[in-house]
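To find a chain, count down the sequence lines: A is the first, B the second, and so on, and within it residues start at 1. Just so it is clear, the structure is predicted and the values come from calculations on it, not from any experiment.
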Amino acid sequence: MSALSPQPYKGTRDYYPEEKRIQNYIFSVWKKVSESFGYEDYGAPVLEPLDIYTAKSGQELATEQTYTFVDRGGRTVAIRPEMTPTVSRMVAARRQELSYPARLYSIANFMRYERPQRGREREFWQLNVDIFGDDSVSAEAEIIILADGIMKAFGANPEDYVIKINNRKLINFMMAQYLGLDAVQAQFMVKLFDRKGKISHQDFIDQATEIFGEQAEVGLPKINQLLNATSMADLPEEIRDSSSVSEVQDLFTLLERADVKSLVFDITLMRGLDYYTGMVFEVFDTNPENNRSLFGGGRYDGLVSLFGSESISAVGMAPGGTTFENFLDVHGLIPKLKSSTDIYMSSLGDTSREASKLAREFREKGMNVELDLSGRKLDRQIKIAIKKNIPYILFIGEEEISSGVYTLRDIANSNEYKLNFSDIIKLFTEIDKEKK
RNA sequence: GCGAAUGUAGCUCACUUGGUUAGAGCGCCGGGUUGUGGUUCCGGAGGUAGUGGGUUCAAUCCCCAUCAUUCGCCCCA
C-alpha cells in the first residue's frame, strides 16, 4: 500500500495555530458587532434534505454545487451550501413563539462543489446575520449598517470598500415595464447586467441587442440611459416615479443618517440567488489587486412560507471567512495576534518538580501556562516563546525557587520584572481587564 | 463543467541544450565551556525532482495520463 497523502481534500484547508488565530480573530469581530446590535447566536445541522435548496436557492447552487448523497434510509441529503434556507426553516418551525423582529446570527461552515480558486473554496465559513418579521426599510438599513459596522470594526477606511445597493422589485419593473422584456428575455438581461463589469462596453451592447431582438431600436437607448445613471436622480422618469424607487430613496436616507459612507446606487447589481424579493446589496473591495465582491445580502420575504407557514419577511447577509481574510490581508488590516498562552515557563537547572507545581498553581488561577522542561539552552527557549507569539516568559531556577521571586520577561520590550506569585496573578488580572 | 499556466528540501527559488554523489537563501536541529531572543560564527538533518506510464543506452529535463495549486469563464462567500 502506498503512503497516504498528507494534503487536505481538494478545496478544503487545514488551519494550523497561526491560521486558526486569524480565523478566530475574524470570527470574534463578527460576533462582537452582531451581538452589539442585539443578534443572538444559533446553530443548525450540517445536513439538510436536498429539497430545501432546490426550491429557491437557484438552479446551479442546488443541482451542481451541492454535495449530496442518499442515506441508509433512502433520503436524499445535502451538506448545507448556505444557511438561509436552514434559518428560514427554523423560523417557520417556531413561528408562534419567536419574538419579532427576530434577530439571529451564526458562524458556520458550508460546502459547495466548485472549482477552487482565490477566495473560493469547497469548504468555507461564513457569518449569517438575519432579521425576521420586519417589513420596514429600517430592517434593511439595519443590516447594511451592521455590514458597514463590521468593515469599520476591522479598521477598514470608507474608501477601502463600496456598498452597492439595488432592489429586485426595481429590477423587475425595469425589465418588464420599462424595457418591455418578457420573462425569458429578462432572465438573460439580468445575467448580462451581472456581467457588466467583466466585459467590454461593445460586447455588452452586442449581447443586449441580441436579447432585444426586434425591440433593439427602442431598447438600446434606454439601456444606455440606465447604464449612465450613477444616482437615482439620473434614472428615467418612468422608473423614478415607481414605488420601488422611493423605497430605495428611503433606505439611502436612513443609511446617510447613520453615517454610512461608501454607498452607491447601482442599477446593474443583480445577485444570483433566486430568493431575493426586494433590496439587494453587495460590498466590493475597491483595491484593484482584489477587485471583487466581498459579500452581500438582501431581502427575501418568500422563503419562510415555503415551510408551510404564513409568510414572514426577512433581510439577511453573509460575509465569508476566506474572502474577508483576503480583504484584510490586501489592506494590511490583520493585526499581530498573540497566542492564547499567557506565559511560557522555562525551568532551569534541577527545578522541574517545583516548576510543575508552580505551573499548576497558575493554571488554577485561570492562567494559560506552557511549561518547558526540556532543559534546552535558554536562548532556544526564548526563541520558541517568540515564535509562538507568547507574550511573557517566566524563568524558574533554583534561586527563584528558594526566594519565591521569579523573573518575568515581557517579550515585546525585553523588560524584566522580579515578582512573586501573587504579583504575577495581579498583573495578569489587570492585563485581562485591559483586553476587555 | 470549460480554457490556460505551474508542480525541484518545511518555505522562496536556481541549475541541468537529456549524461557520474540535484544546489542556494530562509527555516529547522545541535554547538560556540555550564541562566537571556528576533544579531554573528561553526556543524548537522532534510529531496525516490507531485504521481504513474512512454520515448531513449541514459530522463528532474522530451511525450502522454493523472492528481494538486493558481489565473480566467461559469457561479458566488
Side-chain angles (χ1 to χ4, degrees), chain A residues 2-13 16 18 26 30 57-66 80-84 107-129 147 190-191 194-195 198-199 203 269-274 280 282-285 289 292-297 316-327 336 344 346-351 372 374-401 406-416:
Chain A
S2 64
L4 298 168
S5 168
Q7 280 180 330
Y9 168 72
K10 186 183 176 80
T12 64
R13 72 191 256 220
Y16 290 89
E18 307 122 70
I26 292 171
W30 284 350
S57 294
Q59 267 302 306
E60 180 150 5
L61 181 57
T63 56
E64 280 154 45
Q65 299 186 344
T66 301
R80 61 184 174 198
E82 57 161 338
M83 193 58 112
T84 310
I107 295 169
N109 55 339
F110 303 88
M111 295 197 80
R112 288 185 197 173
Y113 195 84
E114 289 190 277
R115 194 76 174 261
Q117 48 184 269
R118 181 181 167 87
R120 196 175 75 182
E121 299 155 296
R122 287 188 169 180
E123 184 188 27
F124 58 95
W125 290 76
Q126 67 180 27
L127 164 70
N128 284 266
V129 183
V190 163
K191 295 259 179 219
D194 218 10
R195 277 200 314 262
K198 292 186 175 179
I199 60 179
D203 283 349
L269 179 71
M270 295 293 141
R271 291 197 54 78
L273 296 167
D274 289 348
V280 288
E282 209 156 305
V283 181
F284 282 82
D285 191 342
E289 300 289 305
R292 62 205 307 146
S293 164
L294 291 171
F295 64 95
M317 64 154 180
T322 305
T323 337
F324 236 94
E325 192 181 329
N326 290 340
F327 173 81
K336 286 248 174 296
Y344 193 83
S346 168
S347 160
L348 306 158
D350 188 20
T351 61
D372 187 337
S374 66
R376 280 176 288 202
K377 282 177 58 174
L378 192 49
D379 62 326
R380 300 281 172 200
Q381 298 198 30
I382 294 173
K383 280 179 184 167
I384 288 168
I386 292 167
K387 193 177 168 190
K388 291 186 167 189
N389 266 304
I390 298 172
Y392 292 91
I393 184 161
L394 187 69
F395 303 111
I396 310 297
E398 278 152 33
E399 202 180 299
E400 283 83 352
I401 294 294
Y406 314 99
T407 308
L408 182 74
R409 185 184 179 90
D410 182 338
I411 287 178
N413 54 25
S414 309
N415 290 341
E416 288 191 357

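Comparing G27(B) with A68(B), their P atoms sit 33 Å apart, to the nearest whole Å. One P atom belongs to A14(B), the other to G25(B), and the distance between them is 16 Å to the nearest Å. For G18(B) and G54(B), the C1' atoms lie 15 Å apart once the distance is rounded to whole Å. Here the separation of A65(B) from C71(B), taken at their C1' atoms, is 23 Å to the nearest Å. Going from the P atom of G23(B) to that of A45(B) covers 13 Å, rounded to whole Å. Nucleotides C62(B) and C28(B) have their P atoms positioned 35 Å apart, rounded to a whole Å. Comparing the C1' positions of A5(B) and A77(B) gives a spacing of 26 Å, expressed to the nearest Å. Of the P atoms belonging to U69(B) and U56(B), the separation is 35 Å, rounded to the nearest Å.
Taking Q117(A) as the reference, nothing meets the side chain to side chain donor-acceptor pair (under 3.5 Å) condition, with sequence neighbours excluded. Annotation: side chain to side chain contact (heavy atoms under 4.5 Å, CB included) contacts of T12(A) (sequence neighbours excluded): P8(A), Y9(A), M111(A), E123(A). Annotation: side chain to side chain contact (heavy atoms under 4.5 Å, CB included) contacts of E398(A) (sequence neighbours excluded): D350(A), T351(A). Remark: F324(A) engages W30(A), F154(A), F295(A) in a ring pair (Phe, Tyr, Trp, His ring centres under 6.0 Å) (not counting sequence neighbours).
Distance check, rounded to the nearest 0.5 Å: CD1 of I107(A) to CH2 of W125(A) gives 9.0 Å. Taking CG of D372(A) as the start and CG of L394(A) as the end, the distance is 12.5 Å to the nearest 0.5 Å. Atom CZ of R112(A) and atom CZ of R122(A) lie 13.5 Å apart (nearest 0.5 Å).
Residue R120(A) contributes atom CZ, which lies 14 Å from atom C1' of U69(B) at whole-angstrom precision. Distance OH (Y16(A)) to P (G10(B)): 13 Å, rounded to an integer number of Å. Whole-Å rounding puts the Y9(A) OH to C67(B) P distance at 12 Å. Rounded to whole Å, the distance from CD on Q65(A) to P on C76(B) is 8 Å. The separation between I384(A) atom CD1 and C29(B) atom C1' is 11 Å, rounded to whole Å. Taking atom NZ of K10(A) as the reference point, atom P of G50(B) lies 18 Å away to the nearest angstrom. Atom CZ in R115(A) sits roughly 8 Å away from atom P in C2(B) (whole-Å rounding). In this structure, R376(A) atom CZ and C28(B) atom C1' are separated by 12 Å, rounded to whole Å.
Across all strands shown, G11(A) has heavy atoms under 4.0 Å from sugar-phosphate atoms exclusively, and none from any base. Among the atoms of the strands shown, base atoms are found under 4.0 Å from some heavy atom of F124(A). Nucleic acid contact class of G321(A) (heavy atoms, under 4.0 Å, all strands): none.
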### Task
Quick one: do F327(A) and V283(A) satisfy side-chain contact (heavy atoms from CB on, under 4.5 Å)? Show the steps, please.
CA-CA 11 Å; F327(A) 173 81; V283(A) 181; over 6 Å; no
### Message
Show, in sequence, the C-alpha distance, side-chain angles and deciding distance for I386(A) and Y344(A), and conclude whether the side-chain contact (heavy atoms from CB on, under 4.5 Å) test is met.
### Response
CA-CA 10 Å; I386(A) 292 167; Y344(A) 193 83; over 6 Å; no
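Counting heavy atoms from C-beta outward, R115(A) and R120(A) have side chains that approach closer than 4.5 Å.
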Would you tabulate the nitrogen or oxygen pairs shorter than 3.5 Å linking the protein to nucleotides 33-39 of chain B?
| residue | atom | partner | partner atom | Å |
| --- | --- | --- | --- | --- |
| G35(B) | O6 | E400(A) | OE1 | 3.4 |
| G35(B) | N1 | E400(A) | OE1 | 3.2 |
| G35(B) | N1 | E400(A) | OE2 | 3.2 |
| G35(B) | N2 | E400(A) | OE2 | 3.0 |
| U36(B) | O2 | R409(A) | NH1 | 2.6 |
| U36(B) | O2 | E416(A) | OE2 | 2.9 |
| U36(B) | N3 | E416(A) | OE2 | 2.8 |
| G37(B) | N7 | R409(A) | NH2 | 2.4 |
| G37(B) | O6 | R409(A) | NH2 | 3.0 |
| G37(B) | O6 | S414(A) | N | 3.4 |
| G37(B) | O6 | S414(A) | OG | 2.1 |
| G37(B) | N1 | I411(A) | O | 2.8 |

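Of the candidates C76(B), G30(B), C75(B), the closest approach to any side-chain atom of E114(A) belongs to C75(B).
M317(A) approaches A147(A) most closely through the heavy-atom pair SD-CB, 3.6 Å.
A close approach under 4.0 Å does not occur between any side-chain nitrogen or oxygen of K191(A) and OP1 or OP2 of C74(B). The phosphate of A77(B) has OP1 or OP2 within less than 4.0 Å of a side-chain N or O from R271(A). Between C73(B) and R195(A), no contact under 4.0 Å exists linking OP1 or OP2 to a side-chain N or O.
Nearest-nucleotide positions on RNA chain B for P319(A) and Y113(A) put Y113(A) closer to the 5' end. With RNA chain B read from its 5' end, the first of the two nearest nucleotides for Q117(A) and F295(A) is the one closest to Q117(A).
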#### Entry: Pairing annotation in dot-bracket form, given for RNA chain B with Watson-Crick or G-U pairs under 3.5 Å and | for cross-strand partners
(((((((..((((.....[...)))).((((.........)))).....(((((..]....))))))))))))....
